[in-house]
Amino acid sequence: MTSQEQKDDNTLLVVDGHSLAFRAFFALPVESFSNDAGQSTNAVWGFSTMLAQVIESEHPTHLAVAFDVKGGTFRNEMLPQYKGTRDAAPEELLSQLPLIQDLLRSLGVTYIEKPGFEGDDVIGTLATMGEQAGFRTLVLSGDRDAFQLVDERITVLYPGHHFKELKHMTPDAIVEKYHVTPVQYPELAAMRGETADNIPGVPGVGDGFAAKWINEYGGLEGILEHADSIGGKKGQALRENIDQVRLNRKVNALVRDLDLGVEVGDLTFGDVDTDAAKELFAKLQFGERTRNRVLKAFNCMPVADAAQESTPDAEEEPDAVLDTVSTKDELMRWAHEHLVTVSGGREDPATTGAEEHGEQGDQQSGHCADDVAQSWILSAEGDDRPGRASCASLTFMSADGHAVILEASAFSQDDDDSLHEGVAAVLDTYASQAAVHGYKEHSHMLASAHLPLPQPVLDTKLAGYLVHPDFHPDSVERAAEHFLQIESPAESKSSSTQGAFAFDDETAEGNDEERRQHEELLLRRAGLVYKLARYLAPVIDERRQLKLLTDIEMPVSSTLSRMESYGAAIDGERLVNMRDQFAADARQAQELAWEKAGTKVNLQSPKQLQQVLFEDMGLRHSRKTKSGSYTTNAAALQDMYLKSVDNERANTFLGALLRHRETNKLKQIVQTLLDAVNPRDGRIHTTFEQTVAATGRLSSVDPNLQNIPNRNAQGREIRSAFVPGPGFISLLSSDYSQVELRIMADLSGDEALIEAFRSGRDFHKYVASLVYDLPVDDITQDQRSHVKAMSYGLAYGLSTYGLAQQLRISPAAADVLKEKYFATFGKVRDYLESLVDTAREKGYTETMFGRRRYFPGLKSTNRQARDAAERGALNAPIQGSAADIMKIAMVKADQELIKAGLRSRIILQIHDELVVEIADGEQEQATRLVKDAMEHAVEIAVPLDVSTGLGDDWQLAAH
DNA sequence: CTTCAGACGTA
DNA sequence: CGTACGTCTGAAGT
C-alpha cells in the first residue's frame with residue numbers, strides 16, 4: 001500500500017467546541033432562536049451550520065471536537081482567576097452545550113473531554129497527533145491560544161469579525177498580523193494578557209510593543225533578561241509585572257501530549273444516525289433547510305459520495321416558471337388560471353367591506369394559515385418614499401409556481417392596449433388573496449402608477465414585526481435570513497424595493513445578461529416572500545394575533561399611506577425667517593463665547609468644550625459620561641453656570657454657550673424641515689415607520705415630525721409653520737390626556753384610581769388629596785407636581801433614586817412618597833409587579849390586544865441588564881396598549897371621515913395626538929367625528945378623555 | 001466613506 | 001440610577 005500517499009490526502013479537523021459555541025451564542029441574537037419549550041438554540045444552530053460549512057469547504061476526512069470539562073484544571077491552581085469571566089456564562093448558553101453534544105453523537109462525530117485539562121489541551125494533543133500521522137490538520141477555534149500550534153501542516157481557522165467568516169491562520173498569516181512567529185505568539189500573549197480569559201497583561205502593553213520587544217530581544221527570555229534596560233513607562237510596567245508574565249506564559253502553553261485513548265485513524269465520521277439526528281432537529285425546530293444542509297455535509301464522506309449524489313439538490317427549490325404576458329387579455333387569462341383559488345372559492349371583495357359592521361366579533365374567526373395557503377405574491381420595485389414614489393416593475397408569483405414580471409413602461413396608464421387596466425383589474429379582484437412584504441410601501445409605489453391596492457391577505461413585514469418586534473430586517477432578504485435561515489447573495493440584501501435597474505435601457509451592451517440576472521433577483525425575492533408568508537401565518541395563528549394583524553396593523557398601513565402621501569403643508573417663508581433669526585442669535589452667542597474663551601472653540605464639539613471648561617478655565621466637572629469623560633450636557637452647564645457667579649469670564653461663557661446650544665439646535669431643526677419640503681407641492685411628507693418601535697408605537701423619519709419642539713415658547717414657534725394647505729381652512733389637534741395612566745387604572749382594576757378618573761376632577765390634584773389624605777383644596781402646587789411625577793414615573797419603572805433626583809428631594813422623602821402612593825393605590829403596585837412576574841414566567845409581555853414583546857434579558861445574570869429588562873417589561877404593555885388604542889382610533893377616524901364624504905384628513909400622529917387638516921365648512925363635523933373616534937376606540941373602565949383645538953396653524957391649534 | 005458617542009428634540 | 005424613538009455633529013475608524 002502506498003500508505004504515505006494515503007495519509008497525505010487525509011485532513012484532520014479539530015474543533016474547539018466551547019469557543020465555537022461561545023462565538024455562535026454571542027454572534028446570533030438569542031431571542032430569535034428558541035423552540036416552543038423556551039430552549040435557546042442559537043449556539044446549536046451556529047455551531048452546526050458553521051461546522052457544516054467548514055466540512056463543505058475543507059473536506060476533512062477525520063474529525064474530532066474537544067470540550068472543556070466542569071471543574072478546575074491545573075491552570076486554576078497556578079492562576080485562580082483564570083477564565084473567571086467564562087464561568088459566568090449565561091444559562092441560555094450552558095443549556096445548549098449538551099444539545100450540541102447530542103447532535104454530534106447523532107452525526108457520528110467523536111467528541112473528547114479530559115478531566116483536569118482544557119479543551120485547548122485536547123486540541124493541542126489532537127493537532128500534534130494529526131501532524132505526526134502525516135495529516136493536514138485544521139484547528140477550528142475562536143481562542144487565540146491555538147495560534148501557537150500553527151506550522152506548515154497545522155492551520156487554525158479563526159472566526160473574523162463576522163462569525164462564519166473564517167480566517168486561515170497559517171504561519172505567514174500570523175507573522176503578518178502579529179509580526180511574530182506562531183511559536184512566539186504565546187510569549188506575546190503573555191505580555192499582552194487575555195481579557196476574555198481574565199488574564200491581566202502588562203498595563204499599557206499591547207500587541208505592538210510586545211512584538212517589537214520580541215523581535216528586539218529574540219523572545220521572552222531575552223526580554224526578561226534585559227528588562228532593566230527597557231526605558232519609559234512601558235519598561236517600568238514590564239518590570240513590575242515580570243512574575244505575572246512568567247505565569248501567563250506557563251498558563252497559556254498548551255499541553256500537546258495527553259493520553260486521550262484514541263488514535264487519529266479512528267476519528268473518521270459520517271456514520272450518521274439519521275433518525276436520531278432528525279428527531280433532534282425537530283426538537284430544536286430548525287428549518288428543513290438547515291437540517292438538510294447539515295445532514296448533507298456529514299454524509300458527504302468519500303464512500304457515500306459516489307453512490308447517491310444524483311437527486312437531492314435539484315428538487316429542493318423548483319424555480320418559478322416565468323410566463324410572458326403583453327396584453328390586458330393575456331394578463332387576465334394568466335391571473336384567472338393561476339391566481340384563482342381552487343377550494344371553497346375566494347372571498348368576494350364585497351364581503352370585506354361588511355366586516356366594518358360586525359365590529360365586536362371577537363373570536364379568532366379564521367386561520368391565517370388557511371387563507372395564506374392559497375395566496376399569491378405581489379412584489380413591486382421602485383421608490384417607496386411618499387411624495388416621490390415611483391414604480392419600476394411588478395412581479396406576480398402564483399402558488400402554483402408561475403410568475404409574471406411587468407415593467408413599468410408596459411403598464412403605464414397611457415399604454416395602448418390598456419395593460420394598465422388589466423393590472424388594475426387584477427389588483428382589484430385578486431389583491432385580497434395576495435401576500436406582500438410591506439403593504440404601505442407597495443401602496444405608495446402602486447399609487448404612483450395610479451393603481452389602488454386593496455388590503456392583502458397578509459403583509460409579511462407586519463407579520464414579522466408582530467412575531468419579533470425588536471428585530472427590524474431592512475429587506476425581504478434579511479427577513480428571510482432571520483426567520484427562515486435562508487442566505488441570499490450579499491448584493492441583493494441591502495435595499496428592499498429600490499431596484500436601480502433600468503428596464504428601458506436596452507441599447508447597452510450585455511444588457512440581456514443583466515436583465516436576466518435582475519429578473520432572477522425579482523423572482524427570488526418573490527419566492528422569499530412566499531416562504532415567509534407560509535412560515536409566519538401559522539405563527540400568527542398560534543399566538544392568536546390574527547385580529548391584531550388584520551384589524552389593526554394592516555388597516556393602519558392603509559391610513560398611514562394616505563397620511564404620508566398627503567403630507568403636511570408648510571409656510572416656507574415663515575420657516576426661512578425663523579431659520580435666519582435662530583442663525584443670527586446663535587452666531588451672536590458664539591461670538592461672545594469665543595471672546596470669553598479666548599479661542600475659536602467649536603461649540604458643537606463636546607471634546608473641545610471639555611478642554612476649555614475643565615482644563616482651560618479649571619471649572620469643577622460634575623457628572624461623568626458613560627465613556628469616562630466629563631459631560632457637557634445642558635443640565636451640567638446650567639449647574640456650572642449657577643455656581644460660577646463670582647467668575648465673570650466663565651459665567652458669561654457658560655451663558656453664551658447655553659444660548660448657543662438652544663438656538664443652534666432650533667436652527668438645525670428648522671433647516672432640516674426646510675430641506676425636507678417637497679418642491680412638487682410645498683409639503684413635507686414624513687414616513688411613519690410601522691415596524692420599528694418594539695412597543696408598537698409608530699416612529700417618524702425623513703424627517704421626524706414627532707419631535708418638533710413643544711416644551712418652550714421659542715421652540716414651539718416652529719409649529720406655526722405647519723399650516724393648512726390650499727383648499728383647507730385650519731388644522732385640528734386632538735389628543736388623549738393621560739392615556740397611559742388610564743390604561744394602568746383599567747388594567748390594574750384599582751378602584752381608587754378608577755374613581756379618580758371617573759370623578760372628572762383635576763386628576764393629579766385628586767390623586768394628591770388621596771395620597772396625602774387632605775382635602776383637594778388644600779393641595780399645594782408642590783404636592784400636586786410630586787404626585788404627578790410619581791404617577792408618570794410608575795409606568796417607566798422609576799426608582800426612588802430617580803424620583804428623588806427629579807423632584808430634588810432626598811431619597812428618603814421619595815421613598816416615603818412612594819409608600820404613601822402605594823398605600824392608596826395598592827392594586828397598581830400588584831399589577832406592576834405582576835407584569836414583571838408573568839414576563840419572567842412566559843418570556844414576554846402582552847398588550848390589551850395581544851401585541852407581544854420578548855424580554856430575554858429578564859434572565860440575565862448581569863444586574864444592570866436585568867433591571868433594564870424589568871423596566872422594559874413594566875413599560876411595554878402600558879406604552880404598547882396606548883399605541884394599540886391610538887392605532888384603532890386613527891383607523892376609525894380615517895374611515896369615518898371618508899364615509900362621511902368629508903375632505904378633511906388626518907395628516908400627522910404624534911403618539912397621543914392626531915393632527916387633521918380641515919376643509920372649509922367641516923370644522924364642527926370633522927372635530928366631532930375625530931374626537932368621537934378617539935374617545936370610543938375601546939371601552940375600558942375609565943373614560944378616555946380627548947381634548948381638541950382648531951387653529952390657523954399647528955401652534956394655534958394647541959389647547 | 002462609514003461608524004460611534006454625545007447631545008437633545010418629542011410622547 | 002425612567003420607557004420609547006430620530007437626527008445632527010464631530011471625531012475616529014475604514
Side-chain angles (χ1 to χ4, degrees), chain A residues 161 469-470 472 601-610 623-637 657-658 660-673 675-676 686-712 714-716 718-719 735-741 744 789-807 811 814 818 832 835 845 853 855 863-864 867-880 882-883 886 908-914:
Chain A
H161 189 62
D470 34 25
H472 341 259
V601 52
N602 185 341
L603 301 182
Q604 282 159 164
S605 162
K607 191 162 187 188
Q608 293 183 34
L609 282 178
Q610 283 158 18
R623 321 198 68 83
K624 56 270 161 246
T625 169
K626 64 178 91 173
S627 71
S629 54
Y630 299 117
T631 182
T632 66
N633 66 24
L637 294 181
L657 175 56
L658 282 161
H660 178 269
R661 273 272 170 83
E662 193 173 0
T663 58
N664 198 51
K665 175 81 180 177
L666 293 173
K667 183 197 84 174
Q668 173 262 107
I669 291 171
V670 173
Q671 185 60 53
T672 42
L673 289 178
D675 292 341
T686 184
T687 296
F688 289 103
E689 293 288 351
Q690 201 182 341
T691 60
V692 163
T695 51
R697 274 190 174 183
L698 302 177
S699 78
S700 160
V701 294
D702 195 23
N704 181 355
L705 294 186
Q706 290 180 324
N707 71 344
I708 305 303
N710 197 21
R711 286 181 186 166
N712 64 55
Q714 204 183 9
R716 194 155 42 229
I718 298 175
R719 293 183 173 223
D735 62 57
Y736 282 118
S737 22
Q738 310 117 355
V739 238
E740 300 193 350
L741 284 172
M744 276 172 58
M790 177 75 211
S791 292
Y792 279 111
L794 285 179
Y796 297 142
L798 182 59
S799 62
T800 51
Y801 179 93
L803 182 65
Q805 189 146 357
Q806 191 191 320
L807 295 175
K818 195 172 171 182
L832 294 174
L835 285 178
T845 59
R853 182 174 173 191
F855 287 95
R863 197 191 83 256
Q864 200 165 314
D867 286 353
E870 284 181 5
R871 290 192 296 270
L874 198 83
N875 176 260
I878 300 170
Q879 187 181 122
M886 181 49 118
L908 296 177
Q909 186 252 45
I910 306 97
H911 309 307
D912 62 3
E913 173 188 10
L914 292 180

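Reminder, nothing fancy here: chain letters follow the sequence lines and each chain counts from 1. Quick caveat: nothing in here was measured; it's all calculated off a predicted structure.
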For [N], take OP1 and OP2 only and decide whether either is under 4.0 Å from a side-chain N or O of [X].
X        : N     : value
A:Arg661 : B:dA7 : no
A:Arg853 : C:dA4 : yes
A:Ser627 : B:dA5 : no

I need the [atom1]-[atom2] distance between [X] and [N], as an integer number of Å.
X        : N     : atom1 : atom2 : answer
A:Asp675 : C:dT7 : CG    : P     : 13 Å
A:Phe688 : C:dG6 : CZ    : P     : 13 Å
A:Asp470 : C:dT3 : CG    : P     : 15 Å
A:Leu609 : B:dA7 : CG    : C1'   : 11 Å
A:Leu798 : C:dC1 : CG    : C1'   : 9 Å
A:Leu874 : C:dC1 : CG    : C1'   : 15 Å
A:Gln610 : B:dA5 : CD    : P     : 15 Å
A:Lys667 : C:dC8 : NZ    : C1'   : 11 Å

If you take all heavy atoms of [X] and [Y], which pair is closest and at what distance?
X        : Y        : value
A:Ala694 : A:Asp470 : CB-CB, 4.0 Å
A:Tyr630 : A:Thr625 : N-CG2, 4.3 Å
A:Thr631 : A:Ala636 : CG2-CB, 3.9 Å

Going 5' to 3' through nucleotides 9-14 of chain C, assign each nucleotide B (protein heavy atom under 4.0 Å from a base atom), S (under 4.0 Å only from sugar-phosphate atoms) or - (no protein heavy atom that close).
SSSS--

With a non-hydrogen cut-off below 4.0 angstrom, is [X] in contact with a base, only sugar-phosphate, or nothing?
X        : value
A:Gly802 : sugar-phosphate
A:Ala634 : sugar-phosphate
A:Leu666 : nothing
A:Thr800 : nothing
A:Arg711 : base

Determine whether A:Leu673 and A:Leu705 satisfy the following criterion, side-chain contact (heavy atoms from CB on, under 4.5 Å), listing intermediate values before the conclusion.
CA-CA 9 Å; A:Leu673 289 178; A:Leu705 294 186; 3.7 Å; yes

Any side-chain donor paired with an acceptor under 3.5 Å for A:Asn664 and A:Gln668?
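No, no side-chain donor-acceptor pair sits under 3.5 Å.
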
Checking the side chain of [X] only, and the main-chain atoms of [Y] only, is there a donor and an acceptor separated by less than 3.5 Å?
X        : Y        : result
A:Gln608 : A:Leu603 : no
A:Thr686 : A:Pro703 : yes
A:Asn875 : A:Ala795 : yes
A:Arg871 : A:Leu798 : no

Step by step, work out the side-chain contact (heavy atoms from CB on, under 4.5 Å) result for A:Asn710 and A:Ile910.
CA-CA 12 Å; A:Asn710 197 21; A:Ile910 306 97; over 6 Å; no

Nearest-Å distance once atom P is located in both C:dC1 and B:dA5
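Approximately 16 Å lies between the P atom of C:dC1 and that of B:dA5.
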
May I have all residue pairs that pass salt bridge (charged side-chain N to carboxylate O under 4.0 Å, His left out) and include part of residues 697-710 of chain A, sequence neighbours excluded?
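Only A:Arg697-A:Glu740 qualify under salt bridge (charged side-chain N to carboxylate O under 4.0 Å, His left out).
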
Near-strand residues of residues 693-702 of chain A, defined as heavy-atom separation under 4.0 angstrom from DNA chain C
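The stretch gives A:Ala693, A:Ala694, A:Thr695, A:Arg697, A:Ser699, A:Ser700, A:Val701, A:Asp702 as the residues lying under 4.0 Å from the strand, ordered by number.
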
Can you tell which of B:dG9, B:dT10, C:dT3 lies closest to the side chain of A:Gln879?
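Closest nucleotide to the A:Gln879 side chain: C:dT3.
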
On a plain distance test, is the side chain of A:Asn707 in donor-acceptor contact with the base of B:dG9 below 3.5 Å?
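Check passes, donor-acceptor contact within cut-off.
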
State whether the distance check finds a donor on one side and an acceptor on the other, under 3.5 Å, for side chain A:Gln706 versus base B:dG9.
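Looking at the base of B:dG9, it does not pair with any donor or acceptor on the side chain of A:Gln706 (distance under 3.5 Å).
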
Stacking check A:Tyr801 vs C:dC1 (5.5 Å / 30 deg)
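Stacking between A:Tyr801 and C:dC1: present.
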
